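One structure is given here, and the rest of the page talks about it.
Predicted model only: the values in this text are computed from it and were never measured. Heavy atoms only: backbone and side chains are in, while hydrogens, waters and symmetry mates are out.
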Amino acid sequence: MGRLLHYVRLPLLCCAVGLAAVFASHGGFSPAGLQATWITLVLLALEISLSFDNAVVNARVLDQLTPGQQRFFLSWGLVIPVFGVRFLGPLLLVSLAGGIGLGEALQAALHEPEHYHALLEQAEPRILAFGGVFLLMVFLRYFIDDAKTLHWVGALERRLSRAGRVPSLEVALALLVLMLVAWVLPSSLRSDVLFAGLIGLVLQILSTSLADLFGGEEEAVGRMAVGGGLASLVYLELLDASFSLDGTIGAFAITSDLVLILTGLGLGALFIRSLTLMLCRERALDKLVFLEHGAHYAIGALGLLMLISVGLANWHVRLPEWLAGLIGVLLLVLSLSDSLRQRSRQDA
């Protein structure tokens with residue numbers, strides 16, 4: 001237990017410092033200070049609940065990297081998703097969707113949070129289409145694989161595995177879902193959502209294909225090994241970005257204070273990074289054999305919910321932010337429980 005606690009020592013310390021800084025800068029024990037601290041804590045919990053399954057998948061990819069590449073992902077790889085995805089990413093999307101300059105979007109984010117929130121909501125369908133298709137492809141490519149022999153939900157997964165004999169079936173299914181979502185949208189929005197979803201599809205195929213190309217050759221040394229590591233790092237960042245999009249939009253439903261959002265989501269991302277490292281170095285996925293299955297079911301659920309949200313917005317219906325996190329946690333708990341039972345049977 002002491003060894004496992006070592007992994008979360010830094011995140012706990014950073015959380016204490018971050019929450020103390022928010023508490024002090026917003027008036028201490030005043031109502032504003034207590035409210036800001038509580039909101040930051042809620043955002044931290046939102047990030048962890050939405051991204052726990054991300055840590056499981058990341059750990060499997062991270063296990064294939066060299067120690068130096070792992071350190072890069074866990075250090076600079078934290079800066080990229082926190083400031084790149086959660087801050088610069090929405091700014092860029094708001095700029096493109098709203099037809100305004102990046103400087104104007106930054107001005108709105110820093111000084112006009114309500115206006116920025118409105119601009120972000122305008123860009124929301126495109127953001128969710130991109131992230132939803134990317135995550136749906138991660139789910140489909142994991143289960144639609146005729147070489148897959150370990151199954152958790154046997155009746156379903158065996159059929160999906162056999163379906164892997166059909167070339168590019170996962171691409172066709174993802175495109176079908178995207179077209180169904182676009183079909184219910186107004187014509188003015190349809191092409192933008194389709195284009196955003198196609199970008200997510202292409203990036204997922206490209207990043208995983210490059211990682212497989214470089215990482216799949218046994219003689220891949222030197223330049224090839226470096227290329228494989230870089231491709232895997234790009235894939236990890238894209239995967240993390242897709243997970244972050246839903247949480248970032250959900251965070252603006254809780255507060256428009258960009259500083260609180262970055263603090264809460266950043267502290268949550270630090271926890272997820274440490275959890276990823278623990279799962280990788282403790283070889284947890286080799287011991288808990290169904291945990292990766294549960295994580296991919298959670299990824300598929302999140303991707304579908306993001307795409308469904310795009311369609312439901314046409315009827316002004318919004319899914320609660322906690323729903324995806326709750327589904328993900330339940331699936332992970334079930335897969336963890338079955339993994340522990342499977343391990344105990346093997347040890348008996």
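The structure places OG1 of T276 at 12.5 Å from CZ of F271, a figure rounded to the nearest 0.5 Å. In this structure, L279 CG and N58 CG are separated by 10.0 Å, a value rounded to the nearest 0.5 Å. Residue L173 holds its CG atom at 12.5 Å from CG of L178, rounded to the nearest 0.5 Å.
When the side chains of ILVMFWY residues are joined at heavy-atom separations under 4.5 Å, either directly or via intervening members, L260 and V17 end up in two distinct hydrophobic clusters. The cluster map of Ile, Leu, Val, Met, Phe, Trp and Tyr, joined by side-chain heavy atoms under 4.5 Å apart, puts V166 and V171 in the same cluster.
The environment of CD in E112 is crowded: more than 12 heavy-atom neighbours from other residues, nucleotides or ligands sit within 6.0 Å.
Side-chain contact check for L275 versus M278: some heavy-atom pair is nearer than 4.5 Å. In this structure the side chain of C15 reaches within 4.5 angstrom of the side chain of L44, judged on heavy atoms. At a threshold of 4.5 Å between non-hydrogen side-chain atoms, the residues F290 and L336 do not count as touching. Counting only heavy atoms from C-beta outward, the side chains of T263 and V259 approach each other to under 4.5 Å.
Remark: the backbone N or O of Q107 is not paired with any side-chain donor or acceptor of H111 at under 3.5 angstrom. At least one donor-acceptor pair under 3.5 Å links the side chain of E157 to the backbone N or O of W152. Side chain of S274 to main chain of L270: a donor-acceptor pair is present (N/O by atom type, distance under 3.5 Å, no hydrogens or angles). Using modelled atom types, one side-chain atom of K287 and one backbone atom of E282 make a donor-acceptor pair closer than 3.5 Å. R159 contributes a side-chain N or O that, together with a main-chain N or O of A155, makes up a donor-acceptor pair within less than 3.5 Å.
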### Query
Run the side-chain contact (heavy atoms from CB on, under 4.5 Å) check on V184 and W315 step by step: do they pass?
CA-CA 10 Å; V184 303; W315 291 281; 4.0 Å; yes
### Task
Evaluate the side-chain contact (heavy atoms from CB on, under 4.5 Å) criterion for residues V289 and R343: first the C-alpha distance (whole Å), next the side-chain angles of each, then the deciding distance (0.1 Å), finally the verdict.
CA-CA 8 Å; V289 293; R343 184 168 177 79; over 6 Å; no
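By the 30° and 60° cut-offs, the orientation of the rings of H293 relative to Y142 is perpendicular.
In this structure, a donor-acceptor pair under 3.5 Å is present between the side chains of R341 and S337. For Q342 and R345, the side-chain atoms include at least one donor-acceptor pair closer than 3.5 Å.
The residues R165 and D146 are annotated as not salt-bridged, no charged nitrogen and carboxylate oxygen being separated by less than 4.0 angstrom. By the 4.0 Å N-to-carboxylate-O rule, R60 lies close enough to D286 to be salt-bridged with it.
Paired with L330 under the rule side chain to side chain contact (heavy atoms under 4.5 Å, CB included), one option of V333, I327, L326 passes, and it is L326.
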